[in-house]
*Asks:* 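After the structure tokens below, expect a handful of questions from me.
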Protein chains: 2
Amino acid sequence: MSSIRDVAERAGVAVSTVSAALNGTRPVAADTRRRIKRAAADLGYRPSLLARGLQSKRTHILALLYPAPRSGFGVTEMQFATGAAEAARELGYHLLLSPEHADPVEELRHLTGLGLVDGVLLMEVGLDDERTEFLMEAGIPFSMIGRTRDPSSIDHADIDFAATARQAVAHVAGLGHRKLAFFNLAADAYAAEYGPAIRAGAEFAEAARAAGIGYVDDFRPGSAEEGRQAFDRLVAAHPDVTALAVMDDHAAAGVIAGVAARGWRIPEDLTLLLALSSAAVAEMFHPRLTTLEPPSAELGGLGARMLIDRLEDDGPPRHRLLPCRLVIGDSSAPPRRHRGRPSPPHGVRP
Amino acid sequence: MSSIRDVAERAGVAVSTVSAALNGTRPVAADTRRRIKRAAADLGYRPSLLARGLQSKRTHILALLYPAPRSGFGVTEMQFATGAAEAARELGYHLLLSPEHADPVEELRHLTGLGLVDGVLLMEVGLDDERTEFLMEAGIPFSMIGRTRDPSSIDHADIDFAATARQAVAHVAGLGHRKLAFFNLAADAYAAEYGPAIRAGAEFAEAARAAGIGYVDDFRPGSAEEGRQAFDRLVAAHPDVTALAVMDDHAAAGVIAGVAARGWRIPEDLTLLLALSSAAVAEMFHPRLTTLEPPSAELGGLGARMLIDRLEDDGPPRHRLLPCRLVIGDSSAPPRRHRGRPSPPHGVRP
DNA sequence: CTGAAAGCGCTAACAA
DNA sequence: TTGTTAGCGCTTTCAG
């Protein structure tokens, strides 16, 4: 690899002039600059990020911290990552994929101590996330995909749960449903502190209240089997529920099985929504489920851009909330009075 | 951040001694070393990767090149990435996530020119991959997850398609099936050059031949709708097929719909295998599909380890092939003579 | 407008 | 066994 000195020699100038010409850090005569650019191009010169970083204390590397894959398919996580990497690339930054383990804070300390990264992108943020405290104390720039309980002072991009819930409720209410059930994520230690579970639950309740339709949310199935059981209990306890939104993919599969076992059909006997899951997942179901698809790649990109913004010029906290996309599938329809009876054919069934 | 000089001063030695003590690059008196380690610990000293890299030409950073997410869910890709990141971390390396676009070679040239990465990890390798040529010419260490047409001289980790196919065929033959069909990935421009599509197709054929069972593979559905159509055509053309392996997740969903539309059931009337897809995906189906799950995280880890091995000490090309895991679900059963007739209940249906 | 020189934090000769 | 010194490739004063 040729260095800045090679370029300087070839152009017959001093290295500092090359640096200036290439970075625009000080005025350089147009003619000189041209010579330098030519020389650089001829040599295929690429400034060394290491040397530059060593001097300038800016590496143009961001770290994306991701926890061990846990729930769901990891599609969402992948999209965060690719969205962030993409945005970083466009702005001349690089993204380091940093797995987290037992002691996230210690690992974060290690990682940032290396002086390798300019800032950190947090995902899977808990309501009270210890990583944010460390980063703030250490004065390390960071942004979150998701948010803590009180994120007002921290840059973040997250789902707009309120708008998402309103949209979903409007959809089912518009179809004529009068009572909606909501199956939240399983109530394990994790989901108890997991923002999306908390916020989605609260906002669906609020949206249903505002829309004046009935609402039930006592269930938190975390698997197909639990989804099926929850569905059976739901029908027993609330026979008047005609629409159901489910957070967990596997639970949704269980609900579908439960509907079929009853001899019911979707959407005739139940309108089923998949909440906060990818449309690619929803397409695997039969019928294709109506989905509230989180804008994961966009959120990842926003998170990265916010972080870079902050690195390049400080300012007030940046916040962005994006609603999920409502992708209407074949699992939404007006409710029927009597279930399990024959109905006019729906979809392309022969 | 404290630097090596701070440590040297605190320990009352020269910086080179600190370096030596910490890296073991030359003998240091036990007592001196202890003092140095203490000083380093007291100051929370972390050597700067940048400075070290600048000097040693080794950054301990690996780049994982990934193409824009295309087929499937991206679960597999995510697992490659996390597996690789994990392995890298364990060996003291970092993983850079590098999105690829229109001109992969040019981007690779750019990335490697920065002097930021020690080596490159390639995934989604085509049978004739131009990136490999560039990397070999440029003398940049790399390894592949997947393989080119002739990968004998390149480090790589890939699925053992032959063993995988044999295992799958043994499974269905063991159940008593006499004729197997195989739905490959869609024949678009991409899959035509995509190793897994080519190799899986060839190896299933070979395994079926070796096992002496019938085999059909004229179909390449790429969506649920195409999967359903392909299934209908399959039944029309080869009514004696009782077992089917499908590569594409969405096509599998279509097959399931087609089976249901006929009034048939899985596994009574058709044994269905999901080939090269994640078990997490298979669990979403009803019934839970038998799956040939690629060891994606392991492959990612192997790829990273191979690359690091090569960086740390050169040697003959390293190759590793890993078979898929056969995860038996509820979609495998012995064939029946007459389809669509009532059958003893299967599974937990009431 | 341009050049010389210092130094970012580290490693690796070379001396002592 | 340890210290001194010269860079790695770049940015950034400070002179000219």
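In what follows, chains are A, B, ... by sequence order, proteins preceding strands, each numbered from 1. Everything quoted here is computed from the prediction, not taken from an experiment.
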*Asks:* Can you tell me the distance, in whole Å, between the CD1 atom of B/I4 and the C1' atom of D/dT5?
*Replies:* 14 Å
*Asks:* In whole Å, what is the span from the CZ atom of B/R26 to the P atom of C/dA16?
*Replies:* 15 Å
*Asks:* Starting from C1' on D/dG3, measure out to CZ on B/R5 and report it in whole angstrom.
*Replies:* 14 Å
*Asks:* What closest approach, in Å, do B/D150 and B/S152 show between heavy atoms, and which atom pair accounts for it?
*Replies:* OD1-OG, 2.9 Å
*Asks:* Output yes when a side-chain donor or acceptor of B/T59 lies under 3.5 Å from a complementary backbone atom of B/G53, and no otherwise.
*Replies:* no
*Asks:* Side chain of B/T17, heavy atoms from C-beta onward: which of D/dT12, D/dT2, C/dA13 has the nearest atom to it?
*Replies:* D/dT2
*Asks:* Taking atom types as they are modelled, is there a donor-acceptor pair under 3.5 Å from the base of C/dA12 to the side chain of B/T25?
*Replies:*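 No, no donor-acceptor pair under 3.5 Å.
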*Asks:* Under 3.5 Å, is there a donor-acceptor pair between the side chain of B/R310 and the main chain of B/P316?
*Replies:* yes
*Asks:* Among the candidates D/dT2, D/dT11, D/dG3, find the nucleotide nearest to the side-chain atoms of B/V13.
*Replies:*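 Selected nucleotide (nearest to the side chain): D/dG3.
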*Asks:* For B/R305 and B/E298: C-alpha separation, side-chain torsions, deciding distance, then whether salt bridge (Lys or Arg N to Asp or Glu O under 4.0 Å) applies.
*Replies:* CA-CA 10 Å; B/R305 267 186 283 269; B/E298 289 86 342; over 6 Å; no
*Asks:* Which nucleotide, C/dC10, D/dT4, D/dG9, lies nearest any side-chain atom of B/A14?
*Replies:* D/dT4
*Asks:* Taking five pairs at each end, how big is the angle between the two axes of the helix from C/dC1-D/dG16 to C/dA16-D/dT1, to 10°?
*Replies:*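 Taking five pairs per end, the axes differ by 40°.
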*Asks:* Taking atom C1' of C/dC10 as reference, at what distance in whole Å does atom CD1 of B/I36 sit?
*Replies:* 15 Å
*Asks:* What about B/T32: does its side chain form a donor-acceptor pair under 3.5 Å with the base of D/dT2?
*Replies:* no
*Asks:* Mind checking the CD-CD spacing from B/Q79 to B/E86? Nearest 0.5 Å is all I need.
*Replies:*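 One gets 13.0 Å once the value is rounded to the nearest 0.5 Å.
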*Asks:* Expressed in angstrom and rounded to an integer, what is the separation of A/Q55 atom CD from D/dT11 atom P?
*Replies:*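 Checked: the CD to P distance equals 8 Å.
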*Asks:* How close or far is atom P of C/dG9 from atom CG of B/L49, stated in whole angstroms?
*Replies:*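 Rounding to the nearest Å, CG of B/L49 and P of C/dG9 are 14 Å apart.
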*Asks:* What is the distance from CZ of B/R34 to P of D/dT1, rounded to the nearest Å?
*Replies:*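 The answer, rounded to whole Å, is 14 Å.
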